[in-house]
Amino acid sequence: MSHSGNGHGSSAPPLKMGLAIPNSKLCMWLFLGTEIMFFTAFIGSYIVLRIGSPGWPSDPKDTHILVLAGGINTFVLILSSYLVVLSHEAMIGKDYRKAWKFMAGTMALAFVFLGIKSVEYYGKFDHDIVPGHIAENDEQALTKLARECTHSRDAMAEALYVLPEGQTKVPEVIQKIADLLAELDASPDADRRIQLEAFKAMHDRLSSSFVLVRTNADGTTSLNSDPAAIKSARDAYDAAVKQHEAVAAKGVVAGTEAPAAPAPPDIVGLSIAVRRELLPLHTGIGHELNPLITGLLAEMRDSKSNPQIARYFHAHDPHPMVYGNVFASTYFLMTGFHAIHVVIGMILFGLVLAQGRNLNADWIDFVENSGLYWHFVDLVWIFLFPLLYIVEFS
């Protein structure tokens with residue numbers, strides 16, 4: 001006698017899924033589960049790092065985080081999630097033209113999101129808030145300023161240098177600087193002379209005419225970046241040298257000691273001032289920058305007085321930011337991966353939009369799964385926005 005599973009026949013009933021959903025939708029849910037773990041690791045690490053880093057930069061003036069831009073982007077993503085739901089409903093109702101329009105609206109809002117995010121990113125790069133580039137104390141800020149000033153001078157030298165006819169070997173930048181200064185002494189044509197004089201002014205300001213160092217009677221050191229004071233010190237030194245040479249030429253009276261040669265004024269460039277720790281970053285009044293530094297930056301950036309120099313001068317304001325590199329790393333890591341997910345969602349929407357008038361019922365599941373993915377992208381941003389832009393940890 002044969003026995004069946006239900007006692008009424010020889011064949012077993014067909015197995016049925018617990019949830020009547022398409023395989024594609026099940027796979028999307030499984031994929032989103034892994035994505036939740038992925039972003040949870042980022043967010044959890046960020047929270048631990050921020051709580052364990054007292055003095056974490058949170059002032060928008062320091063971080064150049066635009067809270068308004070982040071808030072607008074939050075609204076944009078929520079509205080785009082609503083439109084993708086309307087697109088799916090239209091697909092179910094077989095109004096494919098309407099579904100295409102809602103999907104196009106979702107795509108347009110995704111472009112708006114990335115556009116606003118690109119403006120935020122531009123602000124970060126413009127102020128050099130990039131991992132590994134941020135000075136976290138005064139010494140690093142001054143060293144970075146000296147390095148960027150040197151790079152600006154070298155960039156101007158590279159742009160102005162013309163390889164002599166018949167010469168094939170390109171010299172190092174130091175030799176190019178020497179050649180440009182020598183060319184100025186050779187009295188070139190008027191236009192070329194203007195460029196070379198501007199380069200010499202920049203070179204002198206950064207390398208040999210930045211600070212006049214004087215030791216006061218009480219042993220303290222004072223700094224003076226006034227070009228007139230520096231010129232006066234140099235003129236006084238030149239006069240003293242000539243006087244010394246005149247005395248030496250007449251000879252020394254027997255039994256008297258020869259006069260000592262005059263000591264040159266201590267005039268140092270920016271990089272030397274930083275290395276000697278002669279240039280404090282702040283005045284000590286509040287958190288204001290040393291006027292010597294602000295004066296230099298204003299002079300080099302003045303496009304009216306120094307148009308030739310301003311084109312090549314790209315030094316940032318020296319601004320130390322404690323834990324700035326960790327902040328920038330976590331910010332770009334989380335928002336960057338989120339932006340990649342936005343782009344992937346846009347690719348999915350683009351496949352639907354590419355169907356045009358050929359959009360039909362075969363795409364219902366695809367639109368639904370794309371919508372699920374987009375809701376996840378929206379949800380991640382709802383967590384990232386307050387954590388990165390608003391919440392302050394005590």
Original post:
Which atom pair, heavy atoms only, marks the closest approach of S81 to D378?
Top reply: OG-OD2, 2.9 Å
**OP:** Inspect the surroundings of NZ in K98 and state if more than 12 heavy atoms from other residues, nucleotides or ligands are less than 6.0 Å away.
**Re:** no
Subject >> W374 versus S80, closest heavy-atom pair with distance >> reply: NE1-OG, 2.7 Å
Original post:
So, do F332 and Y121 have ring centers that fall under 6.0 Å from each other?
Top reply: yes
Subject >> D62 and H319: side chain donor to acceptor below 3.5 Å >> reply: yes
Subject >> Flag side-chain contact, heavy atom, 4.5 Å: M28 against S370 >> reply: no
Original post:
Going by distance alone, is a donor N or O of one side chain under 3.5 Å from an acceptor N or O of the other, for S24 and N369?
Top reply: yes
Original post:
In this structure, are over 12 heavy atoms from other groups packed under 6.0 Å from I174 atom CD1?
Top reply: no
Original post:
Do W363 and Y96 have their ring centres less than 6.0 Å from each other?
Top reply: no
Subject >> Single hit among F113, F75, F376, F337 for ring-ring contact (aromatic ring centres under 6.0 Å, His included) with W381 >> reply: F113
Original post:
Does a salt bridge link K101 with D95, judged by any charged N lying under 4.0 Å from a carboxylate O?
Top reply: no
Original post:
For K200, does the NZ atom sit with more than 12 other heavy atoms under 6.0 Å from it, leaving out its own atoms?
Top reply: no
Original post:
Does the ring centre of H375 sit less than 6.0 Å away from the ring centre of Y82?
Top reply: no
Original post:
Once the angle between the rings of H64 and H127 is folded into 0 to 90°, is it parallel (under 30°), tilted (30 to 60°) or perpendicular (over 60°)?
Top reply: parallel
Original post:
Can you tell me if CD on E158 sees more than 12 non-hydrogen neighbours from other groups inside 6.0 Å?
Top reply: yes
Original post:
CG of L180 to CG of L184: how many Å apart, nearest 0.5 Å?
Top reply: 9.5 Å
Subject >> E172, CD: over 12 other non-hydrogen atoms inside 6.0 angstrom >> reply: no
Subject >> Gap between atom CD1 of I134 and atom OH of Y323 - 0.5 Å precision >> reply: 14.0 Å
Original post:
Looking only at side chains, do Q175 and D179 share a donor and an acceptor under 3.5 Å apart?
Top reply: yes
**OP:** Please tell me if the side chains of I177 and D154 come closer than 4.5 Å, counting only heavy atoms from C-beta onward.
**Re:** yes
**OP:** Please assess D204 against R153 for the test salt bridge (charged side-chain N to carboxylate O under 4.0 Å, His left out), listing each intermediate value before the final yes or no.
**Re:** CA-CA 10 Å; D204 289 346; R153 181 203 61 187; over 6 Å; no
Original post:
Is the count of non-hydrogen atoms from other residues, nucleotides or ligands lying under 6.0 Å from R97 atom CZ greater than 12?
Top reply: yes
**OP:** Could you verify whether a donor N or O on one side chain and an acceptor N or O on the other, from E299 and N306, lie under 3.5 Å apart?
**Re:** no
**OP:** Please report the closest heavy-atom contact between N360 and D362, naming both atoms and the distance.
**Re:** OD1-N, 2.9 Å
Original post:
When you check the side-chain N and O atoms of E148 and H316, is any donor under 3.5 Å from an acceptor?
Top reply: yes
Subject >> Centroid separation F385 to Y389 less than 6.0 Å >> reply: yes
Subject >> Candidate pair H151 and Y312, rule ring-ring contact (aromatic ring centres under 6.0 Å, His included), full reasoning >> reply: CA-CA 9 Å; H151 288 171; Y312 301 99; over 10 Å; no
Original post:
Do F38 and F42 make the cut of ring centroids closer than 6.0 angstrom?
Top reply: yes
**OP:** Take atom CZ of F383 as the centre, draw a 6.0 Å sphere, and report whether it contains more than 12 heavy atoms from other residues, nucleotides or ligands.
**Re:** no
Original post:
So, F102 versus H88, ring centres under 6.0 angstrom or not?
Top reply: no
**OP:** Rounded to the nearest 0.5 Å, what's the gap from OG1 on T74 to CG on L79? Could you check?
**Re:** 12.5 Å
Subject >> Mutual orientation of the aromatic rings belonging to H341 and Y373 [parallel < 30°, tilted 30-60°, perpendicular > 60°] >> reply: parallel
Original post:
Looking only at heavy atoms, what is the nearest atom pair of K25 and E368, with distance?
Top reply: NZ-OE2, 2.8 Å
**OP:** Identify whether the distance between the nearest side-chain nitrogen and carboxylate oxygen of D128 and K144 falls below 4.0 Å.
**Re:** yes
Subject >> Salt-bridge contact D238-K242 (side-chain N to carboxylate O under 4.0 Å) >> reply: no
Subject >> CZ-CG distance between F31 and L26, expressed to the nearest 0.5 angstrom >> reply: 14.0 Å
